[in-house]
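Here the structure is laid out as structure tokens; the discussion comes afterwards.
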Amino acid sequence: MKTTMKLLSISALALAASTLGAAAQEVSACLITKTDTNPFFVKMREGAEAKAEELGISLNSYAGKVDGDNETQVAAVETCIANGASGILITPSSTSAIVPVIEQARDAGILVIALDTPLDPIEAADMTFATDNYKAGVLIGQWAAAKLGDGAADARVGFLDLDVSQPTVGVLRDQGFMEGFGIDIKDPNQWGDEDDPRIAGHDVTQGNEEGGRKAMENLLASDPMINVVYTINEPAAAGAYEALKAIGRENDVLIVSVDGGCPGVQNIADGVIGATSQQYPLLMASKGIEAIAAYAKDGTKPEATEGKDFFDTGVALVTDQPADGVESISVEEGLNLCWG
């Protein structure tokens, strides 16, 4: 009997140790996006969920109520810290205001990766997985200038930006477009200080269709001769198109954008957008989950792409009107790749 009890006791201890070991090794991750309605972030969540399931990682997802909702994102980070997450993937709404709570997460030993939108400063995250947003802007700027030809010299350009807080992603795309179009940039860390007479004005959209429509209406009210429109993303571009259509100008204004989602690429085929720079959010998120898994295993942190201060997940210009000197892919190719 004593021998039997001793064996049972040993077995019980072994089971308890095994259970504790499994609990200690459990890897959990948080995904925090700007919203949960923008198709871009929906695709990002799909990528994170699929990779987390594949790697056996527990994933909790959070999102702001609207683009620019820093308060909800701060609360989400605090929840992730309290829950002992192994890593956090975040698309920050306010790239500087979120930094203090991000520092708390890193101090707690949590790996923090910014997706799509770099923090300000970029070093506030362990790594950023993103499109080269500046290059994305340059590509659509170059394409617009090439399509206008000599007409680019006296174009009237309206800028539909993201938010008055000027998050890094919005600044990079805006300033990249200016360089590509041939507009002299002043402070590359902000938009609105340029003095090129071709700039008709800036307005903000919150990255959604309704915001794009209202911003376009505002700019047209101040300058009805706008013939080129830069948009922060494709929902904003769709809204701009509706505002132009309402006054019968949908066919004589060139709209360019960034994102490359399936609806946005289809809008190129339908004549809504002239060209867009395609991103790959599913790849950003899946690579982010892989990085959290590696960090949880042995403390390895992701490294930046050579020559850059972030991990570049790629960008391609999509259009059905190729322009000389500007590398692009077709709408058909864009639809096959959209947000993969």
Side-chain angles (χ1 to χ4, degrees), residues 38-40 43 116 130-153 155-161 169-170 172-183 198 205 207 209 212 216 226-245 249-283 312-340:
N38 187 318
F40 183 86
K43 182 60 69 173
D116 177 58
T131 304
D132 186 332
N133 282 294
Y134 194 86
K135 180 180 179 181
V138 169
L139 286 171
I140 55 175
Q142 290 175 334
W143 181 87
K147 290 304 295 180
L148 288 175
D150 293 341
R156 300 297 298 158
V157 187
F159 288 80
L160 300 193
D161 290 293
V169 64
L172 288 166
R173 294 179 186 181
D174 176 297
Q175 301 288 274
F177 171 88
M178 289 192 185
E179 178 183 314
F181 197 76
I183 292 173
R198 293 175 293 177
T205 66
E209 186 168 341
M216 189 74 255
I226 288 172
N227 65 340
V228 178
V229 179
Y230 153 87
T231 61
I232 179 65
N233 64 10
E234 288 149 9
Y241 178 82
E242 289 304 316
L244 290 164
K245 186 177 180 180
R249 294 204 56 209
E250 70 273 20
N251 295 321
D252 62 355
V253 177
L254 201 60
I255 300 176
V256 294
S257 197
V258 178
D259 265 357
C262 298
V265 176
Q266 184 59 49
N267 273 348
I268 293 175
D270 296 340
V272 174
I273 301 171
T276 193
S277 287
Q278 187 170 66
Q279 307 186 88
Y280 304 102
L282 190 148
L283 181 63
D312 188 353
T313 53
V315 63
L317 183 76
V318 183
T319 184
D320 60 0
Q321 304 173 57
D324 289 343
V326 186
E327 186 176 353
S328 64
I329 63 175
S330 68
V331 168
E332 182 179 359
E333 290 173 290
L335 287 172
N336 288 332
L337 292 170
C338 52
W339 284 354

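Since this is a predicted model, take the numbers as computed values, not measurements. What you see below is based on every heavy atom in this structure, not just the backbone, and it leaves out hydrogens, waters and symmetry mates.
Here the straight-line distance linking atom CD1 of I329 with atom CG of L317 works out to 8.0 Å at 0.5 Å rounding. With rounding to the nearest 0.5 angstrom, the SG atom of C338 is 10.5 Å from the CG atom of L282. Atoms CD1 and CG, on I226 and L244 in that order, are 8.5 Å from each other to the nearest 0.5 Å. Here the OG1-CG distance, from T313 to L283, works out to 5.5 Å after rounding to the nearest 0.5 Å. Going from atom CG of L139 over to atom OG1 of T276 covers 10.5 Å, rounded to the nearest 0.5 Å. Rounded to the nearest 0.5 Å, atoms CZ (R173) and CG (D132) are 11.0 Å apart.
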task: Determine, stepwise, if the pair Y230 / M178 fulfils side chain to side chain contact (heavy atoms under 4.5 Å, CB included).
output: CA-CA 9 Å; Y230 153 87; M178 289 192 185; over 6 Å; no
TODO: Carefully, step by step, assess Y134 and E179 under the rule side chain to side chain contact (heavy atoms under 4.5 Å, CB included).
DONE: CA-CA 9 Å; Y134 194 86; E179 178 183 314; 2.6 Å; yes
Next item on the list: Please lay out, stage by stage, how F40 and D116 fare under the test side chain to side chain contact (heavy atoms under 4.5 Å, CB included).
Entry: CA-CA 10 Å; F40 183 86; D116 177 58; 3.8 Å; yes
E333 vs V318, test: side chain to side chain contact (heavy atoms under 4.5 Å, CB included). Steps then yes/no. CA-CA 8 Å; E333 290 173 290; V318 183; over 6 Å; no
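Residues passing the ring pair (Phe, Tyr, Trp, His ring centres under 6.0 Å) test with F181 are F177, sequence neighbours excluded. In this structure, the salt bridge (Lys or Arg N to Asp or Glu O under 4.0 Å) partners of D252, at least two apart in sequence or on a different chain, are R249.
A pairwise comparison of heavy atoms in V265 and G334 identifies CG1-C, 4.0 Å as the closest pair. Nearest heavy atom pair, residue I255 against residue A237, reads CG2-CB, 3.9 Å. Of all heavy-atom pairs spanning K147 and A323, the tightest one is CD-CB, 4.3 Å. The minimum heavy-atom distance between I268 and G274, with the atom names listed, is CG2-O, 4.0 Å. Across T131 and A136, no two heavy atoms sit closer than the pair CG2-CB, 4.3 Å. Contact between A155 and L148 at its shortest, heavy atoms only, is CB-CD1, 4.0 Å.
Taking the side chain as every heavy atom from C-beta outward, M216 and E242 never approach each other to under 4.5 Å. Put simply, the side chain of T205 reaches to within 4.5 Å of the side chain of I232, judged on heavy atoms. Counting heavy atoms from C-beta outward, I273 and Y241 have side chains that stay 4.5 Å or more apart. Using a 4.5 Å cut-off on side-chain heavy atoms (C-beta onward), L254 and W143 make contact.
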